[in-house]
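Below is one structure; the comments refer to it alone.
Excluded from the calculations below are hydrogen atoms, water molecules and symmetry mates; all remaining heavy atoms, backbone and side chain alike, are included.
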Protein chains: 2
Amino acid sequence: MAYQESLSALADPTRRQIFEAIADAPRPVGELAQSMPVSRPAVSQHLKVLSDAGLVMCRVDGARRIYAVRPEGLAQLRMWLDRHWANVMDRFAEEINGKEGLDD
Amino acid sequence: MAYQESLSALADPTRRQIFEAIADAPRPVGELAQSMPVSRPAVSQHLKVLSDAGLVMCRVDGARRIYAVRPEGLAQLRMWLDRHWANVMDRFAEEINGKEGLDD
DNA sequence: GCTTACGGTAAGTCATGGCTTACCAAGAAT
DNA sequence: ATTCTTGGTAAGCCATGACTTACCGTAAGC
């Protein structure tokens with residue numbers, strides 16, 4: 001739900017791989033596990049973490065669960081990034097402009 | 001250097017706190033450590049991780065080292081995010097539009 | 001009904017990494 | 001030159017978490 005959990009969730013390489021596969025196209029768990037170097041339960045556990053972070057959601061299709069990226073989750077991350085991006089660019093501009101003290 | 005290291009680096013709460021403080025304004029190590037619930041060596045170690053990820057850089061000022069965010073590092077992350085953002089929005093649009101197969 | 005595919009959960013193992021204290025190098029100050 | 005500040009590094013401890021196998025529901029197929 002918060003960008004913090006999203007960052008933690010995306011920190012793990014396997015989980016990032018899963019996320020990117022899902023972002024490319026929604027997929028069922030089994031298909032994900034096949035294209036991954038870890039077991040299916042591991043994939044399930046990763047999906048739970050991604051889900052708790054609000055980054056993915058799943059649609060039930062019979063016995064299958066099709067996982068897809070949740071746009072709002074990504075949006076949270078984007079907002080966080082853009083917020084700091086703005087800050088950093090301000091500092092950067094100050095450096096270039098000689099950074100005269102306008103604190104007085 | 002890659003977005004992957006950036007994500008791993010920003011996953012840790014303390015490290016994220018350090019990063020955000022630096023994004024707000026460049027700071028020396030000591031000042032960061034004071035405003036943080038961990039020891040100064042811990043801060044140094046976190047700064048090394050952030051630095052290796054290309055997210056921060058430091059300017060030497062006498063005995064001080066002033067750390068600042070490296071815009072290019074943030075840019076890498078932004079590009080990664082935007083790339084997947086585009087994908088996800090495409091999928092989302094397909095869902096809404098009824099997802100007729102235009103694969104033919 | 002029974003069996004097979006699909007997938008989430010439990011329990012246990014083991015590596016990663018975040019933290020601490022102790023130590024050391026380099027610059028500033030007197 | 002000695003002392004104090006600043007901060008990076010080393011060694012060691014311990015919690016977190018990623019992975020495995022085993023198990024259990026549930027839906028589909030025969």
ask   = Listed by chain and number, what are the side-chain contact (heavy atoms from CB on, under 4.5 Å) partners of Ser51(B), not counting sequence neighbours?
value = Val56(B)
request  = Apply side-chain contact (heavy atoms from CB on, under 4.5 Å) to Ala42(B) and list each qualifying residue two or more places apart in sequence or on a separate chain.
outcome  = Val38(B), Ser39(B)
note = Per the under-4.0 Å heavy-atom filter, residues of residues 34-47 of chain B near DNA chain C come out as Val38(B), Ser39(B), Pro41(B), Ala42(B), Gln45(B), His46(B)
message = Tell me every residue that passes side-chain contact (heavy atoms from CB on, under 4.5 Å) with Gln17(B), counting only those two or more places apart in sequence or in another chain.
response = Met36(B), Pro37(B)
request  = Please list all pairs passing the ring-ring contact (aromatic ring centres under 6.0 Å, His included) test where one or both residues lie in residues 9-60 of chain A, with sequence neighbours left out.
outcome  = none
message = Heavy atoms within less than 4.0 Å of DNA chain C: which residues of residues 13-23 of chain A have one? Give them sorted by number.
response = none
key: salt bridge (charged side-chain N to carboxylate O under 4.0 Å, His left out) involving Arg83(A) - partner list, sequence neighbours excluded   = none
inquiry  = On a heavy-atom basis, which atom in Glu5(A) and which in Asp52(A) lie closest, and how many Å separate them?
reply    = OE1-O, 3.6 Å
query = Which pairs, with at least one residue in residues 18-30 of chain A and sequence neighbours excluded, count as a side-chain hydrogen bond (donor to acceptor under 3.5 Å, both in side chains)?
reply = Glu20(A)-Tyr3(B), Glu20(A)-Trp80(B), Asp24(A)-Arg27(A), Arg27(A)-Glu31(A)
note = By side-chain hydrogen bond (donor to acceptor under 3.5 Å, both in side chains), Arg78(A) pairs with (sequence neighbours left out) Asp82(B)
request  = Could you tell me from which nucleotide to which nucleotide of DNA chain D, 5' to 3', there is an atom under 4.0 Å from chain A heavy atoms?
outcome  = dA18(D) to dA28(D)
ask   = Do Ile22(B) and Leu47(B) come within less than 4.5 Å of each other through their side chains, counting heavy atoms only?
value = yes
ask   = Going 5' to 3' along DNA chain C, which nucleotides are the first and last within contact of chain B (any atom under 4.0 Å from a heavy atom)?
value = dG18(C) to dA28(C)
remark   = The residue, Ser8(A) or Arg64(B), whose nearest nucleotide of DNA chain D is more 5′ is Arg64(B)
For Pro71(A) against Met89(B), the heavy-atom pair lying closest together = CB-SD, 4.4 Å
task = Inspect the surroundings of CZ in Arg64(A) and state if more than 12 heavy atoms from other residues, nucleotides or ligands are less than 6.0 Å away.
result = no
inquiry  = Once side-chain contact (heavy atoms from CB on, under 4.5 Å) is applied, do any residues pair with Ala11(B), and if so which ones, sequence neighbours excluded?
reply    = Ala11(A)
